[in-house]
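First listed ligand is number 1; within each ligand, the first listed atom is number 1.
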Amino acid sequence: MHLAQWENHHDEAFSDIRKSLDNVNGMFVAYNSNVDAIKHISEKDISKLLTLVDLGEVQEKIVNYPREIISPVDLISRLIIAMRDGKAAEVPTYTSDIHEWLTDNLVFDDARMGGQAGIISNLLAHLGIRKVITYVPWLSKEQAEYFADLPNLMHPVIEDGILVLKHPRQAYNPEFKPRVNWIIEFSKGLEIKYGEEHFVVPRDNRLIISSRPLWIRIDMSRELYEQIPKLEEDVDGAILAGYQMIREVYEDGATYHEYVQRAVNVIERLKEGNPDIRIHVEFTSIQNKTIRKTLLKDIVCRHVHSLGLDTVEVANALNVLGHEELAYSVISKGENAIVALYEGAVRLLHDLKLERVHVHSLGFYICVVSKDHPLNVKEHRTALLFASTLAAAQASHGSIEHLNDAAMGLDVPVSKDGYGELEILGKYLVRRDICSMDDFVDGCIHTPTHDVIVVPSKVVKNPIATVGIGDAISAGAFVAMLAKMRPAK
Ligand code: 8BR
Ligand code: GLC
């Protein structure tokens, strides 16, 4: 299929989903929302930051790869790694020291809704989904202000033992404090020089310094937990994210086992309310390997239906599931990285007993689905192409406040590079007799053990920001899939 045909498919998919979105009765979205303080960093900013640290120490830390940010040297070394590789990363910090240091030494450009659940809730509400029930365990007054002021966006509260749904701005707890993450966005082409080193940033991306105050808990009050099934009568799907904030051990002696069990209980409770509900987990960068593994093995496996990840996250997931070699091939820059990515997605589908794995990369998406999924491959493809248009709209305008804004993504061209990458995958699949080139070109492939959908996606040349695009892609494809699964109204 030629690029021009993929443009047509995008147009058709968008108008199809635009008409079908109303089929979705409602969505439940939890847990993480925060404020993102976004800074687009310049060469001058970087030179300034580099004068504030010892370059020898930075070199040493780059080798040691800090998984937590305690000092400015940790921060600079992770920033250099992210810029050098053009890769996204999120690294936790447990005190406010680094935030104060950043505030003293950089001025942020913009404060926006952050956190996967927060971003996704606003997006779905803006797209006009009938009912978006968002749940944040630490909803503060300031955080509530970042939620879209729309009547279809609600937060559950218990009043006199009764469950009521209110707009987040009427549902916050005045005792909670806001949580702010710093997002350092860097652009392709920046020239970085430090000590003897010199490199050019290969692609736009960002480093997230994620604040993890001790009071953060991925949790739900008992009263609310008891009443979840009542929410579910008209909720067709749930998108869950934020499990990366679970800690191995808490000050009160609690361990992650307890919080994992509670997280699983919530999922089971959601299913009680609607046995046909579909649950999607949006994966992320998780530095702590115990937590990363437990999220996959104990929360995702057997409990959820769908998983969304970017390429680095696929490698990280494979790594803790014992597929180190495949993980290495996914992140290596070699020709076969896309093949490894496909094989990795297949492994995740089977190892984690999922119905659907959606991998998004710059220029293409790969979705692997189980044979018993109620939708056919063309319908899945429609969902992915809708997501590609959303991503393009988000990258070009920074936010999507209406379905009409989303339609502007249609003007962005499909990525030639992504299309080229897919050809490599096509040749591999044909060589292995997994499909014929004819099947591959329309992006819909049947194999005896699973089906595969691969599409080239639209890529914006100079994105306004990259943070949150992955969330828009995963949430967009998932809600579009639900729209196709529900009967027309
Ligand atoms: P994460 O936020 O999960 O890392 O996902 C980011 C996704 O955003 C990538 O997988 C890629 O598909 C998409 N993306 C990026 Br990064 N830059 C983009 C751009 N300029 N145009 C469209 N999509 C982009
Ligand atoms: C993570 C970060 C958050 C960011 C989001 C974007 O949840 O913690 O700051 O907004 O990712 O996907």
Side-chain angles (χ1 to χ4, degrees), residues 29-38 82 86-93 108 110-123 136 143 146 178-188 202-212 216 218 239-245 282-287 307-316 341 358-366 384 387-399 409 411-415 417-418 421 455-477:
V29 189
Y31 292 85
N32 60 333
S33 77
N34 60 268
V35 178
D36 276 348
I38 303 184
K87 297 252 157 87
E90 174 165 353
V91 194
T93 188
F108 64 81
D110 191 17
R112 299 211 315 219
M113 169 62 95
Q116 297 145 290
I119 292 170
I120 291 171
S121 301
N122 275 355
L123 173 71
V136 195
Q143 183 65 57
Y146 286 85
R179 180 179 157 243
V180 180
N181 285 354
W182 269 79
I183 317 293
I184 303 188
E185 291 265 352
F186 45 83
S187 303
K188 182 176 170 170
R203 61 161 73 160
D204 291 47
N205 230 317
R206 84 280 156 161
L207 172 73
I208 301 179
I209 296 104
S210 173
S211 79
R212 305 276 168 86
I216 291 265
I218 296 294
I239 300 183
L240 305 174
Y243 299 114
Q244 65 271 25
M245 268 166 298
E282 189 55 20
F283 203 61
T284 191
S285 161
I286 307 179
Q287 303 296 323
L307 183 66
L309 348 69
D310 69 19
T311 50
V312 179
E313 291 159 7
V314 172
N316 290 345
L341 199 60
H358 177 183
V359 176
H360 48 82
S361 183
L362 190 65
F364 63 87
Y365 308 155
I366 300 177
L384 296 186
S388 161
T389 305
L390 286 189
Q394 165 102 15
S396 13
H397 302 282
S399 67
D411 299 335
V412 173
V414 171
S415 162
D417 290 349
E421 287 271 319
V455 300
S457 67
K458 291 176 176 274
V459 168
V460 174
K461 230 191 188 145
N462 295 306
I464 292 220
T466 61
V467 68
I469 305 181
D471 301 329
I473 296 170
S474 292

Check each atom of ligand 1 against the heavy atoms of [X] and keep those under 4.0 Å away; list them by number with element.
{"X": "P463", "value": "20 (N)"}
{"X": "A395", "value": "19 (C), 21 (N)"}
{"X": "K458", "value": "22 (C)"}

Quick test: of every protein heavy atom, which one is nearest to [atom], and how far off is it to 0.1 Å?
{"atom": "atom 21 (N) of ligand 1", "answer": "V460 N, 3.0 Å"}
{"atom": "atom 5 (O) of ligand 1", "answer": "H360 CE1, 3.1 Å"}
{"atom": "atom 24 (C) of ligand 1", "answer": "L362 CD1, 3.6 Å"}
{"atom": "atom 13 (C) of ligand 1", "answer": "I469 CG2, 3.7 Å"}
{"atom": "atom 2 (C) of ligand 2", "answer": "E90 OE1, 3.4 Å"}
{"atom": "atom 12 (O) of ligand 1", "answer": "S361 O, 2.9 Å"}
{"atom": "atom 12 (O) of ligand 2", "answer": "D471 OD2, 2.6 Å"}
{"atom": "atom 6 (C) of ligand 1", "answer": "G470 N, 3.7 Å"}
{"atom": "atom 1 (P) of ligand 1", "answer": "D310 OD2, 3.6 Å"}

Looking at every non-hydrogen atom in both residues, tell me the closest pair between [X] and [Y] and how far apart they are.
{"X": "S396", "Y": "V412", "answer": "OG-CG2, 3.9 Å"}
{"X": "A391", "Y": "I469", "answer": "CB-CG2, 3.7 Å"}
{"X": "V180", "Y": "S211", "answer": "O-OG, 3.1 Å"}
{"X": "R179", "Y": "S33", "answer": "NH1-O, 4.1 Å"}

Just to check, does G115 reach to within less than 4.0 Å of ligand 2 when the distance is taken from its heavy atoms?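 Heavy atoms of G115 do come under 4.0 Å of ligand 2.
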
Straight-line distance of [X] [atom1] to [Y] [atom2], nearest 0.5 Å:
{"X": "E90", "Y": "L207", "atom1": "CD", "atom2": "CG", "result": "9.0 Å"}
{"X": "I184", "Y": "N205", "atom1": "CD1", "atom2": "CG", "result": "13.0 Å"}
{"X": "L309", "Y": "T284", "atom1": "CG", "atom2": "OG1", "result": "10.0 Å"}
{"X": "I239", "Y": "I119", "atom1": "CD1", "atom2": "CD1", "result": "12.0 Å"}
{"X": "D204", "Y": "T466", "atom1": "CG", "atom2": "OG1", "result": "7.0 Å"}
{"X": "S388", "Y": "H360", "atom1": "OG", "atom2": "NE2", "result": "12.5 Å"}

So, 4.0 Å and heavy atoms of [X]: is ligand 1 close enough to count as a contact?
{"X": "V459", "answer": "yes"}
{"X": "K461", "answer": "no"}
{"X": "R206", "answer": "yes"}
{"X": "I473", "answer": "yes"}
{"X": "A392", "answer": "no"}

At less than 4.0 angstrom from any non-hydrogen atom of [X], what atoms of ligand 2 do you find?
{"X": "I183", "answer": "9 (O)"}
{"X": "Q116", "answer": "7 (O), 12 (O)"}
{"X": "G114", "answer": "10 (O)"}

Looking at ligand 2, does any of its N/O atoms fall within less than 3.5 Å of an N/O of I119?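 It does not: no N or O of I119 is found under 3.5 Å from an N or O of ligand 2.
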
Check: R206 N/O within less than 3.5 Å of ligand 2 N/O: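 There is no such contact.
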
Any N or O of D471 that comes nearer than 3.5 Å to an N or O of ligand 1? no

Main chain of G115, side chain of N34: is a donor-acceptor contact present, judged purely on distance under 3.5 Å?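 A pair under 3.5 Å: yes.
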
Kindly indicate whether the side chain of [X], heavy atoms from C-beta on, has any atom under 4.5 Å from the side chain of [Y].
{"X": "I464", "Y": "H397", "value": "no"}
{"X": "I286", "Y": "N316", "value": "no"}
{"X": "I473", "Y": "H358", "value": "yes"}

Using heavy-atom distances only, which candidate in D36, N181, N32, V35 approaches atom 10 (O) of ligand 2 most closely? D36

Using side chain to side chain donor-acceptor pair (under 3.5 Å), reason through Q116 and N32 one step at a time and then give a plain yes or no. CA-CA 6 Å; Q116 297 145 290; N32 60 333; 2.9 Å; yes

